[in-house]
Number of protein chains: 2
Amino acid sequence: MSTSDRLIESTRELLWERGYVGTSPKAILERAGAGQGSMYHHFKGKPELALAAIRRTAEEMRATAGAVLDGPGTPYERIRAYLTREREVLRGCPIGRLTMDPEVIASDELREPVDETIDWIRERLAHLVEEGQEQGQFAPGLDGEEIAATVVATVQGGYVLARASGSPAAFDAGVRGLLALLSPQSCSQS
Amino acid sequence: MSTSDRLIESTRELLWERGYVGTSPKAILERAGAGQGSMYHHFKGKPELALAAIRRTAEEMRATAGAVLDGPGTPYERIRAYLTREREVLRGCPIGRLTMDPEVIASDELREPVDETIDWIRERLAHLVEEGQEQGQFAPGLDGEEIAATVVATVQGGYVLARASGSPAAFDAGVRGLLALLSPQSCSQS
DNA sequence: GTCTATATTGCGATAGAC
DNA sequence: GTCTATCGCAATATAGAC
């Protein structure tokens, strides 16, 4: 792995653990085993390095989520697969947590990959809900975009509950509650 | 307002805007219009001041949420009132955002009021769901604790969606989706 | 109680040697 | 390309005058 790659990987880890304001160049360099000069040779500074790191994480997340959303099964099953896929719940969402960072939100450039990723997943889910409606799996009165927002929000909020309580249990409870509400068996189809 | 109060209020604002790692004593002092000496006279340091600020915010949030949850209406209406109460969505949740702060999560003392507050609201909601079930308003197969976790998670995640997109619309969409799924009219009661 | 002065450490970046 | 040295400034805290 090149020095540039090691810098990006270290930054990704630290952004996940500590966010943008909580991550210092020094910490990045120590973790990457590089000196100051390396970093400022490859990147103009902390914002540019963070942007590269965020973009890579966003790409990876799209691939991970996409694999489940495009996987086998009915629309409901694929939404369930998205909700229940393995996660390191107590570490939080490496993309979603960035929305709580004031400097990420203040920078359109840093916020963009975050927004794009979440929006991309939401659109996929909305499409799945509409597909499910065509198959009579979900109530026809539901709004696909709204249900998709609910699904993504439950995941993102699940991280909050889990980290508040120090246990992944609350995340799982929220997901089970949502799946119960979404369950094709629970509603009369008209 | 006393100097000590002004320090706490300034800290509350900054914790909301920037989180714990993003908030410096200097910024607090400037906002409070006080000098270093004042702060270190009233508090041992940043952690103790932050604890006082978080506790006050937690108390306020319990009062705000409690007023809606104990308000008038059926269980469904009160849950809807909680979900749709006025919020400064783009500012995020002053309590929930602290769960993304590494130093808050690392400190049991700082995390405690956060955990307590979220848990308190969740318990209230769970109770409301069970009440609604007794009245035949919600399907009897649902788990009150799980639905309550879903409700709180949707709110917390709604903030994430809104801040990612830079607009409160996504928060509202997620809430509307959840309300549609919860709606007594949408499900057959057995 | 509140102030200013000061100390120490780390942040974020630049310079220039190798 | 990578290193160390250095810079100017902010973070967090202490000391001691008033």
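Lettering of chains follows the sequences in order, A, B, ..., and the numbering in each one begins at 1.
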B:Glu30 atom CD is separated from C:dT2 atom P, nearest whole Å, by 18 Å

Whole-Å distance, A:Leu29 CG to D:dG1 P, equals 18 Å

A:His42 atom NE2 is separated from D:dG1 atom P, nearest whole Å, by 7 Å

Review point. Under 3.5 Å, side chain of A:Ser165 to main-chain N/O of A:Leu161, donor-acceptor pair present?
Key: yes

Students should find that the end-to-end axis angle of the helix from C:dG1-D:dC18 to C:dC18-D:dG1, with five pairs defining each axis and rounding to 10 degrees, is 0°

Here the distance between atom C1' of D:dT2 and atom CG of A:Asp5, to the nearest Å, is 16 Å

Those residues at least two apart in sequence (or on a different chain) that pass salt bridge (charged side-chain N to carboxylate O under 4.0 Å, His left out) with A:Glu17 are A:Arg31

Taking the side chain as everything from C-beta on, heavy atoms only, tell me whether A:Val160 gets closer than 4.5 Å to B:Ile118. yes

ask   = Centre of A:Tyr82's six-membered ring, under 6.0 Å away, within 45 degrees of the axis: is that where NZ or CZ of A:Arg87 sits?
value = yes

Expected string for nucleotides 3-18 of chain D under the B/S/- scheme (protein heavy atoms, under 4.0 Å, primed atoms plus P, OP1, OP2 as sugar-phosphate) is BB------SSBB----

Inset, instruction - Go through the steps for B:Lys26 and B:Leu29 under the test side-chain contact (heavy atoms from CB on, under 4.5 Å), then give the verdict. - result: CA-CA 5 Å; B:Lys26 191 189 180 195; B:Leu29 297 173; 5.6 Å; no

**Prompt:** Are B:Glu9 and B:Arg12 ion-paired here, with the side-chain N under 4.0 Å from a carboxylate O?
**Reply:** yes

Practice item. Using a strict 4.0 Å threshold on nitrogen-to-oxygen distance, state whether A:Asp101 and B:Arg18 make a salt bridge. Key: no

In whole angstroms, the gap separating P of D:dG1 from CG of A:Leu7 amounts to 14 Å

Establish, for the pair A:Arg91 and A:Trp16, whether the NZ or CZ atom is under 6.0 angstrom from the six-membered ring centre and no further than 45 degrees off its axis.
-> yes

note: A:Phe43, atom CZ; D:dT2, atom C1'; distance rounded to Å ~ 14 Å

